[in-house]
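Numbers here simply count residues along the sequence, with the first being 1.
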Amino acid sequence: MEKMYQQLGIDNNVYAFGESVLKELLPRFCEIDETAEYNQMKVLSAMQEHHLSEAHFCASTGYGYNDIGRDTLEEVYASVFHTEDALVRPQIMCGTHALNIALSANLRPGDEILSPVGKPYDTMDEIIGIRKSKGSLKEFGVSYRQVDLNEDGSFDFDGIRAAINEKTKLVTIQRSKGYAKRPTLSVERIGELISFVKSIKPDVICMVDNCYGEFVQTIEPSDAGADLVVGSLIKNPGGGLAPVGGYIAGKKEYVELAAYRLSSPGLGKEVGATLGLNQTFFQGLFLAPVVTAGALKGAIFAANVYEKLGFTVLPNGSEPRYDIIQAVELATPKGLFSFCKGIQAAAPVDSFVTPEPWDMPGYDAKVIMAAGAFVQGSSIELSADGPLKPPYTAFFQGGLTWYHAKFGILKSLQSMLDAGLVRL
Ligand SMILES: *Cc1c(COP(=O)(O)O)cnc(C)c1O
């Protein structure tokens with residue numbers, strides 16, 4: 001084994017350090033496997049329930065009328081998330097697009113959005129109009145309010161109560177911390193927040209940005225009262241196979257409105273050719289619980305490796321996990337760069353290139369990204385990215401297999417070691 005790793009550029013001391021860290025993690029890995037097993041059965045049972053068959057893998061073109069594969073895929077998603085309905089489409093370009101559809105479909109001029117968990121993910125700024133932008137909801141007369149989490153990460157219930165008013169139509173709750181320095185929310189905590197919001201205003205729509213959270217626990221936010229859950233298929237639920245797409249699952253009324261926004265009023269879910277992608281979407285969903293488990297192990301391994309070396313990691317090495325993202329504060333631009341360089345060098349695709357910071361659309365600082373993915377930008381595949389601003393945090397995620405995630409971390413460590421940034 002050491003020889004194989006050596007051949008891939010991992011020194012013996014780096015490998016040995018990794019193994020010593022790993023030894024202590026095995027009991028936790030068993031728990032992750034159990035969650036994966038449960039979720040595997042959940043997905044399988046949804047597929048059986050809806051009589052998935054080969055006919056569902058046919059391609060539709062043009063309008064895509066009567067695409068039974070697409071309709072069944074949406075029924076399977078609705079079963080997995082225990083929702084009334086779901087919209088799962090290759091025409092949803094990414095997570096941001098899915099969120100934009102869900103919001104703009106369900107809000108009208110004069111309505112207000114409330115985020116009770118602090119500032120949402122960067123790309124939401126321009127959708128909502130937190131940063132001035134063309135076509136934002138703000139331009140359409142939708143206002144926004146935000147209540148930050150308390151210093152200790154708890155909900156500011158008094159602040160939330162005070163922020164809910166007659167205009168509040170939709171509450172947006174981001175499960176994952178994304179690029180923010182706050183805890184990721186467990187489904188249980190999301191449930192607690194939704195109950196509180198509904199106790200004040202029962203008809204408010206509770207939408208959860210579920211990106212990176214799917215299949216990390218045995219329940220999803222829709223099991224805890226969320227009216228809408230939204231995510232990307234090039235993250236967890238696509239299982240690494242989906243080449244594009246997003247989903248919106250939830251109450252029939254809200255999903256229907258989302259379909260009218262995605263296609264057109266009057267057309268809704270009836271149109272949308274799937275061009276031969278149905279089989280990939282089904283197969284990706286089928287693998288998603290195990291792929292997510294591998295990514296989760298990678299995140300925990302990364303946390304423990306870098307924590308032992310004295311870096312600040314979020315979540316820390318021992319706390320429970322509610323998404324697959326691992327933040328590692330690398331303190332310097334050189335640290336962030338070396339880390340990402342190592343991740344890139346571990347990739348199956350484009351392992352020979354060096355990542356460079358760039359002005360990525362939707363983000364307010366330059367971002368460095370390491371990704372050698374089969375699907376461009378797919379962050380369920382091994383990837384790391386970080387905005388070029390202090391404390392130079394790398395957000396590490398993904399890995400289609402646990403072994404690849406492990407190798408990526410070892411490679412990042414080797415790169416840091418070679419740059420003289422760590423000592424073993
Ligand atoms: C990734 C992500 C998004 C946006 O998804 P894209 O596919 O990159 O557009 C939104 N919210 C969170 C929490 C995310 O992690």
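- Donor-acceptor pairing under 3.5 Å is recorded for the side chains of Gln397 and Asp385.
- Heavy-atom minimum distance, Gly408 versus Ala346: CA-CB, 3.6 Å.
- Here the closest non-hydrogen pair linking Met369 and Val367 is CG-CG1, 3.8 Å.
- With Glu307 contributing its side chain and Gly317 its backbone, the two residues share a donor-acceptor pair below 3.5 Å.
- More than 12 heavy atoms of other residues, nucleotides or ligands shown are found within 6.0 angstrom of CD on Glu319.
- Atom CG of Leu285 sits about 11.5 Å away from atom CG of Asn236, to the nearest 0.5 Å.
- Residues Phe282 and Thr72 have side chains in contact (heavy-atom distance under 4.5 Å, counting atoms from C-beta outward).
- Taking a 6.0 Å sphere around CD of Glu139, one finds it holds more than 12 heavy atoms contributed by other residues, nucleotides or ligands.
- Taking the side chain as every heavy atom from C-beta outward, Phe140 and Leu107 never approach each other to under 4.5 Å.
- With contacts defined as side-chain heavy-atom distances shorter than 4.5 Å, the pair Phe301/Leu25 qualifies.
- The local environment of CD in Glu270 is sparse, with at most 12 non-hydrogen atoms from other residues, nucleotides or ligands closer than 6.0 Å.
- Distance CE/Met93 to CG/Leu233: 13.5 Å, rounded to 0.5 Å.
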- Before giving the answer on side chain to side chain contact (heavy atoms under 4.5 Å, CB included), spell out for His97 and Leu262 the whole-Å C-alpha distance, their side-chain angles and the decisive distance to 0.1 Å. CA-CA 9 Å; His97 187 206; Leu262 173 65; 4.1 Å; yes

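- Taking NZ of Lys341 as the start and CD of Glu356 as the end, the distance is 10.5 Å to the nearest 0.5 Å.
- Aromatic ring centres of Phe157 and Phe196 lie closer together than 6.0 Å.
- For the residue pair Tyr306 / Ser412, a side-chain donor-acceptor distance below 3.5 Å is found, with atom types taken as modelled.
- In terms of heavy-atom proximity, Leu114 sits nearest to Ala163 at CD1-CB, 3.8 Å.
- Within 6.0 Å of NZ on Lys181 lie no more than 12 heavy atoms contributed by other residues, nucleotides or ligands.
- The backbone N or O of Lys269 sits less than 3.5 Å from a side-chain atom of Arg89, completing a donor-acceptor pair.
- Nearest heavy atom pair, residue Thr184 against residue Arg175, reads CG2-O, 3.1 Å.
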- salt bridge (Lys or Arg N to Asp or Glu O under 4.0 Å) assessment of Arg145 paired with Glu112: CA-CA 7 Å; Arg145 235 174 243 260; Glu112 189 161 273; 2.6 Å; yes

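- Residues Ser104 and Leu137 form a side-chain contact, since some pair of their non-hydrogen atoms from C-beta on lies under 4.5 Å apart.
- Nearest heavy atoms, Ser154 versus Arg189: CA-NH2, 3.5 Å.
- No more than 12 heavy atoms of other residues, nucleotides or ligands shown are found within 6.0 angstrom of CD on Glu37.
- Atom CG of Asp71 is separated from atom CD of Glu75 by 7.0 Å, given to the nearest 0.5 angstrom.
- For the pair Lys198 and Asp227, the salt-bridge criterion is met [side-chain N within less than 4.0 Å of a carboxylate O].
- When side chains are defined from C-beta on, Ile173 counts as touching Pro116, because their heavy atoms get closer than 4.5 Å.
- Using a distance-only test at 3.5 Å, with no hydrogens or angles considered, no donor-acceptor pair links the side chain of Thr292 to the main chain of Val216.
- In this model, no donor atom of one side chain and acceptor atom of the other lie less than 3.5 Å apart for Ser115 and Gln146.
- Checking His82 against Asp223 by side-chain atom types alone, a donor-acceptor pair falls below 3.5 Å.
- Glu220 and Asn210 share a side-chain donor-acceptor pair at under 3.5 Å.
- Side-chain atoms of Gln279 do not come within 3.5 Å of backbone N or O of Cys58 as any donor-acceptor pair.
- Gln326 places a side-chain N or O within 3.5 Å of a backbone atom of Pro315 that can act as its donor or acceptor partner.
- The distance from atom CD1 of Ile68 to atom NE2 of His50, rounded to the nearest 0.5 Å, is 14.0 Å.
- The neighbour count for Asn66 CG, taken as heavy atoms of other residues, nucleotides or ligands under 6.0 Å away, does not exceed 12.
- Between Met124 and Tyr144 there is no side-chain heavy-atom pair separated by less than 4.5 Å.
- The backbone N or O of Ile128 sits nowhere less than 3.5 Å from a side-chain atom of Arg131 that would complete a donor-acceptor pair.
- Side-chain contact check for Arg321 versus Ile32: every heavy-atom pair is 4.5 Å or farther apart.
- The closest side-chain donor-acceptor pair between Thr96 and Tyr121, if any, does not fall under 3.5 angstrom.
- Two residues are said to be in side-chain contact when any heavy atoms from C-beta on lie closer than 4.5 Å; Asp350 and Gln344 meet this criterion.
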- Message: Let's go through Phe155 and Val147 carefully: what are the C-alpha distance in whole Å and the side-chain angles of both, what is the deciding distance for side chain to side chain contact (heavy atoms under 4.5 Å, CB included) to 0.1 Å, and is it a yes or a no?
- Response: CA-CA 9 Å; Phe155 300 125; Val147 177; over 6 Å; no

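- The backbone N or O of Asn165 lies less than 3.5 Å from a partner atom in the side chain of Lys201, making a donor-acceptor pair.
- Side chain of Lys169 to backbone of Asn106: a donor-acceptor contact under 3.5 angstrom is found.
- Among all heavy-atom pairs drawn from Ala384 and Phe339, the shortest one is CB-CE2, 3.9 Å.
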- Task: Show your working on side chain to side chain contact (heavy atoms under 4.5 Å, CB included) between Met207 and Val230 and close with a plain yes or no.
- Result: CA-CA 8 Å; Met207 182 190 88; Val230 181; 4.0 Å; yes

- Message: Run the side chain to side chain contact (heavy atoms under 4.5 Å, CB included) test on Ile300 and Phe29 for me, step by step, so that the C-alpha distance in whole Å, both residues' side-chain angles and the decisive distance to 0.1 Å come before the verdict.
- Response: CA-CA 9 Å; Ile300 292 169; Phe29 282 17; 4.3 Å; yes

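- Taken to the nearest 0.5 Å, the CD atom of Gln414 stands 13.5 Å off from the CD1 atom of Ile409.
- With hydrogens and angles ignored, the 3.5 Å screen pairs no side-chain donor or acceptor of Gln283 with any backbone N or O of Leu241.
- Within the 3.5 Å criterion, the main-chain N or O of Gly64 finds a donor-acceptor partner in the side chain of Arg70.
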